[in-house]
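Atoms within each ligand, like the ligands themselves, are counted from 1 in listed order. All heavy atoms count here, side chains included; hydrogens, waters and symmetry mates do not.
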Amino acid sequence: MKNILITGGAGFIGSHLVRLFVQKYPNYHIYNLDLLTYAGNLENIKDIEQAENYTFLNGDIADKKYIQNIFKTYKFDAVIHLAAESHVDRSITNPIEFVMTNVIGTVNLLQTANQNWKDNKTAKLFYHVSTDEVYGSLKETGKFTETTAYDPHSPYSASKASSDHFVRAYHDTYGMPVVISNCSNNYGPNQFPEKLIPLFINNIQQEKNLPVYGNGKNVRDWLYVEDHAAAIDLIFHQGKIGETYNIGGNNELTNIELIHTLCKLLDKKLGRKEGSSKKLITYVKDRSGHDLRYAIDIKKIHKELGWQPTLNFKEGLEKTVDWYLNNKEWLKNVTSGAYQDYYKKQYKQR
Ligand code: NAD
Ligand code: TDX
């Protein structure tokens, strides 16, 4: 029996990972620690909440006393750390929150794990889940590898870069058994509708404008969320201590290409005339510090661990759209209340 702490398991990627681990590993006990911020939602993991090998813990990763207590009580063998503030636009208006959770929270977890594991590090692991945004922005060619120099531009990516550095510092200084992965843009069910794909699915349904930042030519490399969870599973079990693995979808698209595909698909699914959703596209003021292009070289994880994406973008996008259309209640719940204020503030000057 292994006791595994997964942080951020009520969020988008975390909920898919918690489900995978609870169902696939009955001999692990999964402790899901989440503060349930605006982005955390227990509905995301409702189907597994009664499982015998699952416990939900409601707390803040930056709360020193709380984290010390749960480490003492549950004697974790491993941590898979996903809890974070994750939206770039919010980091531009509220950078301190990103420092508190992404930097202080991560160091607090590292420090507590290190204290608790210092006499016996055998079979322990601190797995830090990070992003490709730490590498900065690419021009038209080239891809991020594990040795690309860090060059973050947004408060979000700067906070994630900082947390990555602390994870490596704990490995180098204290011999903490760590592993890091840096992944490209995820999409799929349960993603909060502040991120491009679910935001636009929601707006198209409601026939609201689709606010495209700048000229729409920024490029992202999209990966279906379950493929990311599968990569984390593989790295957790077979990754080498102290190593970094890049994870990506081999699927680069300009935002406008993606948006056109999404519009066409939704016209079909909603039984609307072809071309009607496209009319909602509105070019708005660009995001400050907007990175032009992200692309991930997945050679290392492919060669060493045999991982590659399994879903192509067409299948993944269709599954995603179907999920949102079949879960209108979920979408309605998360877009009521505070979301309305966020939306007004974020998009009013654009
Ligand atoms: P998300 O915003 O959907 O979920 C984050 C979760 O963390 C939420 O459930 C929230 O309640 C929880 N949380 C926030 N602050 C907390 C705190 N102080 N203490 C405890 N819990 C807290 O994020 P996501 O998109 O699922 O991303 C998960 C992780 O993966 C993040 O670390 C992110 O940087 C990384 N990542 C995301 C993507 C992506 O495309 N979404 C890509 C690469 C890496
Ligand atoms: O309203 C919008 N209009 C728009 O044009 C929004 C919300 C986004 N965009 C653009 C900005 C980006 O070029 O779409 C692209 C994708 O934007 P986001 O969904 O905000 O994602 P991004 O900024 O690329 O970051 C994501 O990928 C890496 C996640 O939010 C991060 O958590 C992850 O680390």
Which bit of Tyr156 is near ligand 1, meaning a heavy atom under 4.0 Å away: side chain, backbone, both or neither?
side chain
Numbered atoms and elements of ligand 1 in range of Val129, under 4.0 angstrom, heavy atoms
30 (O), 32 (O)
Would you say Ser86 and ligand 2 have an N/O pair spaced under 3.5 Å apart?
yes
Basic-acidic side-chain contact under 4.0 Å: Asp322, Lys269:
yes
Considering distance alone, does some N or O of Glu133 sit under 3.5 Å from an N or O of ligand 2?
yes
Tell me yes or no: between the side chains of Asp297 and Thr145, is some donor less than 3.5 Å from an acceptor?
no
Would you call Arg90 and Glu194 a salt bridge, using N to O less than 4.0 angstrom?
yes
After noting the C-alpha distance and the side-chain angles of Phe236 and Phe21, does the key distance pass the ring-ring contact (aromatic ring centres under 6.0 Å, His included) rule?
CA-CA 11 Å; Phe236 179 78; Phe21 269 58; 5.6 Å; yes
Using a distance-only test with no angle check, is there a side-chain donor-acceptor pair under 3.5 angstrom linking Asn94 and Glu97?
yes
Starting from atom 19 (N) of ligand 1, what is the nearest protein heavy atom, named by residue and atom, and what distance separates them?
Ile61 N, 3.0 Å
Please check if the distance between the ring centroids of His237 and Tyr25 is under 6.0 Å.
yes
For ligand 1, does Ser130 get within less than 4.0 Å through its side chain, its backbone, both, or neither, judged by non-hydrogen atoms?
backbone
Hey, does Glu194 come in under 3.5 Å of ligand 1, counting only N/O atoms on both sides?
no
Taking the six-membered ring where the residue is Trp, are the ring centres of Phe12 and Phe192 under 6.0 Å apart?
no
Please confirm whether the ring centroid of Phe126 lies under 6.0 Å from the ring centroid of His171.
no
Return the option from Leu36, Leu82, Leu196 holding the heavy atom at the smallest distance from atom 29 (C) of ligand 1.
Leu82
Just jot down the ligand 1 atoms closer than 4.0 angstrom to any heavy atom of Cys183, in number order.
42 (C), 43 (C)
Looking only at distance, does Val212 have an N or O less than 3.5 Å from an N or O of ligand 2?
no
Does ligand 2 have any atom sitting under 4.0 Å from a heavy atom of Gln346?
no
For Ser181 and Tyr127, which I'm curious about, is there any donor-acceptor pair between the side chains at under 3.5 Å?
yes
Taking CZ in Phe144 as the centre, count heavy atoms belonging to other residues, nucleotides or ligands within less than 6.0 Å. Is the count above 12?
yes
For ligand 1, which atoms sit closer than 4.0 Å to a heavy atom of Thr37?
10 (C), 11 (O), 14 (C), 15 (N)
Gly9 near ligand 1 by a heavy-atom separation under 4.0 Å:
no
May I ask you to establish whether Arg220 and Tyr294 are in a cation-pi arrangement, using a distance under 6.0 Å from NZ or CZ to the six-membered ring centre and at most 45° from the ring axis?
yes
May I ask you to check if ligand 1 and Ile13 share an N or O to N or O distance below 3.5 Å?
yes
Is the closest heavy atom of Glu194 to ligand 2 under 4.0 Å?
yes
Test of understanding: given a 4.0 Å heavy-atom threshold, classify the contact between Val88 and ligand 2 as side chain, backbone, both, or neither.
side chain
Relative to the heavy atoms of Gly59, which atoms of ligand 1 are at a distance of less than 4.0 Å?
19 (N), 20 (C)
Looking only at protein heavy atoms, what sits closest to atom 1 (P) of ligand 1 is Ser86 OG, 3.5 Å
Do Gln115 and Thr112 have side-chain atoms, one donor and one acceptor, less than 3.5 Å apart?
no
Pairs of nitrogen or oxygen atoms closer than 3.5 Å, one from Asn185 and one from ligand 1: do any exist?
no
Counting only heavy atoms from other residues, nucleotides and ligands, does the tally under 6.0 Å from CD of Glu52 exceed 12?
no
Is there a heavy atom in Thr7 that sits closer than 4.0 Å to ligand 1?
no
Any N/O pair Tyr347/ligand 2 closer than 3.5 Å
yes
So for ligand 1, is Gly11 a polar contact partner (N or O within less than 3.5 Å, distance only)?
yes
Measuring from atom 21 (O) of ligand 2, which candidate in Thr254, Asp286, Asn182, Asn185 has the nearest non-hydrogen atom?
Asn185
Can you name the atoms of ligand 1, numbered from 1 with element, that are less than 4.0 Å from a heavy atom of Gly8?
6 (C), 7 (O)
Mind checking whether Tyr38 has a heavy atom under 4.0 Å from ligand 1?
no
At a non-hydrogen distance cut-off of under 4.0 Å, which region of Leu35 contacts ligand 1 (side chain, backbone, both, or neither)?
both
Count I, L, V, M, F, W, Y as connected when their side-chain heavy atoms are under 4.5 Å apart, and connections chain through other members. Are Val134 and Ile92 then in the same cluster?
no
Can you check whether Asn218 has an N/O within less than 3.5 Å of an N/O in ligand 2?
no
Any idea which protein heavy atom is nearest atom 18 (N) of ligand 1, and the distance to it?
Asp60 OD1, 2.8 Å
When only distance counts, is Asn41 in polar contact with ligand 1, meaning an N/O pair under 3.5 Å?
no
Looking only at protein heavy atoms, which one is nearest to atom 15 (N) of ligand 1, and what is the separation?
Thr101 CG2, 3.5 Å
Just going by heavy-atom distances, which of Tyr283, Tyr294, Tyr213 is nearest to atom 8 (C) of ligand 2?
Tyr213
Any donor-acceptor pair under 3.5 Å from Arg293 side chain to Lys139 backbone
yes
Could you check whether Arg19 pairs with Asp47 (Lys NZ or Arg NE/NH1/NH2 to Asp/Glu carboxylate O, under 4.0 Å)?
yes
Of the side chain and backbone of Ile197, name the one, both, or neither that has a heavy atom under 4.0 Å from an atom of ligand 2.
neither
When you measure from atom 20 (O) of ligand 2 to each heavy atom in Gln191, Arg287, His290, which option holds the nearest one?
Arg287
So the atoms of ligand 1 within less than 4.0 Å of a heavy atom of Lys160 turn out to be 31 (C), 32 (O), 33 (C), 34 (O)
Looking at Lys268 and Glu274, does any basic side-chain N land under 4.0 Å from a carboxylate oxygen?
no
Atom 5 (C) of ligand 1: closest protein heavy atom, distance to 0.1 Å, is Ala84 O, 3.4 Å
For Tyr38 and Tyr342, I'd like to know if the aromatic rings sit close, meaning centre-to-centre distance below 6.0 Å.
no
N or O pair under 3.5 Å between Asn186 and ligand 1
yes
Min N/O separation His228 to ligand 1 under 3.5 Å:
no
Does any N or O atom in Phe200 lie less than 3.5 angstrom from one in ligand 2, N or O only?
no
Greater than 12 external heavy atoms within 6.0 Å of Lys278's NZ
no
Pair Tyr28, Asn3: side-chain N/O donor-acceptor within cut-off below 3.5 Å:
no
Please determine whether any non-hydrogen atom of Ser15 lies less than 4.0 Å from an atom of ligand 1.
no
So for Ala10, does at least one of its heavy atoms come nearer than 4.0 angstrom to any atom of ligand 1?
yes
What residue and heavy atom of the protein are closest to atom 8 (C) of ligand 1, and at what distance?
Asp34 OD2, 3.6 Å
For the 3.5 Å polar cut-off, considering only N or O atoms, please tell me whether Phe12 and ligand 1 meet it.
yes
